[in-house]
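Report on the following structure.
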Number of protein chains: 2
Amino acid sequence: MSRPPQKRRLETRARLIDVATRQVDQVGYSGLRVEDVVSEAGVAKGTLFSHFGDKDGLLAVLIGARIMATLDSTETGAAPATLDELIDRLMPIVTFVAEDRVIFDLLLRYSGTTGPEMDEVITQSFFRQIALWTQWVGALQATNHLRSDQSPDRLAEGMQAFLNHVLALSFCAGHEAPTDFRAELSSYLTAWLAPQTA
Amino acid sequence: MSRPPQKRRLETRARLIDVATRQVDQVGYSGLRVEDVVSEAGVAKGTLFSHFGDKDGLLAVLIGARIMATLDSTETGAAPATLDELIDRLMPIVTFVAEDRVIFDLLLRYSGTTGPEMDEVITQSFFRQIALWTQWVGALQATNHLRSDQSPDRLAEGMQAFLNHVLALSFCAGHEAPTDFRAELSSYLTAWLAPQTA
DNA sequence: AAAATATATTGACCGCGGTCATTTTCGTGA
DNA sequence: TCACGAAAATGACCGCGGTCAATATATTTT
């Protein structure tokens with residue numbers, strides 16, 4: 001049988017996350033080095049891996065926390081009343097993910113995780129996000145702002161697909177001409193969510 | 001001024017690609033090791049990097065070639081006459097990409113590349129694929145099998161988005177219960193491409 | 001309190017992708 | 001054919017993520 005973790009372990013874990021978070025603020029997610037984290041935290045390399053499995057595991061915790069925070073602010077206030085407002089509510093997430101390729105890659109790797117990693121923050125944040133979108137879409141369907149021939153769940157999933165698509169293209173592009181995510185997303189999501197006119 | 005590459009260089013490049021291709025057949029894309037390739041090819045490590053930039057560069061060549069071959073067979077024969085037939089035509093690509101995460105990641109990284117890497121095989125294969133899909137979609141629009149309120153180009157781009165979505169989920173999933181790509185794709189693409197009924 | 005067991009941490013070590021100053025080979029004009 | 005500059009190839013070296021047998025620190029048992 002497995003016993004609950006001891007106090008010492010929780011402290012170590014907290015310190016690692018704390019140090020890593022601060023270092024990310026300085027060098028970005030892609031600039032994070034495991035050696036730097038452990039040395040500043042005053043632990044051995046192996047300790048970090050025993051806590052998070054691998055570097056991605058640590059990043060998943062950090063990024064999961066950030067997404068949760070973003071959702072916290074996105075969730076407050078009234079639900080979007082139009083398609084345009086809905087898209088506005090997506091922008092904070094988009095902006096965050098667009099910040100660094102590493103975020104995008106990691107989200108793509110974890111988003112959709114079912115099974116033993118369900119307890120990971122990042123996985124929970126993923127479900128929370130989809131649930132929120134589903135709710136928004138359902139409400140907009142009820143007021144005839146969106147197509148109603150598809151379930152809110154499916155439409156929300158599709159939103160995810162297009163969001164990822166726009167982000168992926170932005171990372172490939174020549175990095176000049178900074179993508180106008182709002183406009184890009186809008187045109188895809190309108191085609192996907194709005195009732196067909198013609 | 002830069003002179004054309006010498007014969008020796010072309011031979012070395014060909015040998016590297018040849019060896020790498022054979023090794024991939026044995027150990028898969030994710031199992032490929034640079035050291036193994038160069039040792040079997042009888043060249044030094046640096047040579048490989050001078051040819052392909054990095055490991056991904058080599059993989060891009062190998063994968064690009066495979067996609068081109070797939071497109072060759074996909075392109076022959078009559079264009080799909082229904083949405084179902086269109087989806088059938090996508091399956092070879094899906095199956096190939098689903099084979100290994102590395103393929104998916106690399107495609108996502110290169111697909112959408114514009115600029116100096118335009119001459120890469122993989123980039124060309126990407127454009128060729130989108131062009132083909134656009135053509136198919138246009139034809140199906142003309143026969144009233146698909147929605148006509150969006151340009152063929154946009155619909156084709158959306159197909160890419162959903163295809164990636166389905167693949168991404170399949171890689172995340174618990175790896176048991178092998179995804180039925182055909183069914184998954186079909187439900188998304190029907191919602192995206194078909195005229196709305198309700 | 002000492003022995004026995006479970007948990008947590010350690011750090012030398014490894015694999016593998018990638019670099020670059022140096023050396024070898026090739027093409028070309030004197 | 002020899003010399004000289006450019007192209008090609010070399011391999012010792014590095015950075016960094018990740019491993020694991022050994023060690024240290026808790027917790028329980030007698």
Side-chain angles (χ1 to χ4, degrees), chain A residues 1-20 23-24 26-63 100-103 105-106 109-110 117 120, chain B residues 1-20 23-24 26-63 100-103 105-106 109-110 117 120:
Chain A
M1 291 303 296
S2 63
R3 293 195 261 189
Q6 336 183 150
K7 199 192 324 168
R8 182 173 49 141
R9 189 164 176 82
L10 296 178
E11 288 164 356
T12 303
R13 182 187 163 96
R15 200 161 67 252
L16 284 169
I17 293 177
D18 200 55
V19 167
Q23 292 195 357
V24 163
Q26 292 180 349
V27 299
Y29 286 94
S30 40
L32 193 70
R33 313 252 169 265
V34 169
E35 298 227 31
D36 295 343
V37 174
V38 295
S39 79
E40 190 180 330
V43 300
K45 223 176 184 180
T47 302
L48 188 146
F49 290 100
S50 99
H51 277 268
F52 303 102
D54 57 10
K55 191 187 177 184
D56 276 5
L58 171 59
L59 287 174
V61 172
L62 304 183
I63 291 171
D100 196 321
R101 240 225 117 87
V102 172
I103 307 177
D105 288 342
L106 194 133
R109 182 156 284 128
Y110 278 76
E117 301 99 344
E120 300 260 354
Chain B
M1 288 304 297
S2 64
R3 291 193 251 184
Q6 322 176 171
K7 199 192 322 172
R8 180 174 48 141
R9 187 163 179 83
L10 295 179
E11 288 165 354
T12 302
R13 180 187 164 95
R15 200 162 66 252
L16 283 169
I17 292 176
D18 199 54
V19 167
Q23 293 196 356
V24 162
Q26 293 181 348
V27 298
Y29 287 94
S30 40
L32 194 70
R33 312 253 168 265
V34 169
E35 298 226 29
D36 295 343
V37 175
V38 295
S39 78
E40 189 179 331
V43 300
K45 221 176 186 179
T47 302
L48 187 147
F49 290 98
S50 97
H51 276 269
F52 304 102
D54 56 11
K55 191 187 176 184
D56 276 5
L58 171 59
L59 287 174
V61 172
L62 304 183
I63 291 172
D100 197 321
R101 241 226 115 88
V102 172
I103 307 175
D105 287 344
L106 195 134
R109 182 156 284 127
Y110 279 75
E117 300 100 344
E120 300 260 354

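Since this is a predicted model, take the numbers as computed values, not measurements. Sequence lines set the chain letters: A, B, ... in the order given, protein chains first and strands last, and positions in each chain run from 1. Computed over heavy atoms, backbone and side chain alike; hydrogens, waters and symmetry mates excluded.
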To the nearest angstrom, how far is A/L32 atom CG from D/dG15 atom P?
18 Å

Output yes when at least one side-chain N/O atom of B/R3 is less than 4.0 Å from OP1 or OP2 of D/dA6, else no.
no

Among the candidates C/dA8, D/dA7, D/dC16, find the nucleotide nearest to the side-chain atoms of B/Q6.
D/dA7

Please confirm whether the shortest side-chain N or O distance from B/S50 to OP1 or OP2 of D/dA8 is below 4.0 Å.
no

Round to the nearest Å and state the distance from B/R33 atom CZ to C/dG18 atom P.
12 Å

Taking only N and O in the side chain of A/R8, is any of them less than 4.0 Å away from OP1 or OP2 of C/dA8?
no

Using a cut-off of 4.0 Å on non-hydrogen atoms, how would the nucleic acid contact of A/K45 be classed: base, sugar-phosphate, or nothing?
base

May I ask you to say what A/L10 touches in the nucleic acid, namely base, sugar-phosphate or nothing, with a heavy-atom cut-off under 4.0 Å?
nothing

Nearest heavy-atom contact between A/S30 and A/D100 is OG-OD2, 2.8 Å

Between atom CG in A/D105 and atom P in D/dG17, what is the gap in whole Å?
15 Å

Can you measure B/L48 atom CG to C/dG18 atom P for me and round it to whole angstrom units?
9 Å

Closest to the A/K55 side chain, choosing from D/dT10, C/dG17, D/dG18:
D/dG18

State plainly whether the residues A/R109 and A/D105 are in salt-bridge range, i.e. N to O under 4.0 Å.
no

Kindly determine whether B/F52 and B/L59 satisfy side chain to side chain contact (heavy atoms under 4.5 Å, CB included), including the steps that lead there.
CA-CA 9 Å; B/F52 304 102; B/L59 287 174; over 6 Å; no

Minimum-distance nucleotide (side-chain atoms of A/F49 versus C/dC26, D/dA9, D/dG18)
D/dG18

Could you state the CD-P distance from B/E35 to D/dT10, rounded to the nearest angstrom?
14 Å

Given C/dA8, is OP1 or OP2 found less than 4.0 Å from the side-chain N or O atoms of A/T12?
no

Grab the CG-P distance between A/L16 and C/dT9 for me, whole Å please.
9 Å

Rounded distance (Å) that lies between atom C1' of D/dA26 and atom CD of A/E11:
13 Å

Shortest non-hydrogen contact from B/D56 to B/L106?
O-CD1, 3.6 Å

Can you find a side chain N or O atom of B/H51 that sits less than 4.0 Å from OP1 or OP2 on D/dA8?
no

Do the side chain of A/Q23 and the main chain of A/D36 share a donor and acceptor less than 3.5 angstrom apart?
yes

Starting at atom CZ of B/R9, determine the distance to atom C1' of C/dT24, rounded to an integer number of angstrom.
15 Å

Between B/V34 and A/A44, just flag the one whose closest nucleotide in DNA chain C comes earlier from the 5' side.
A/A44

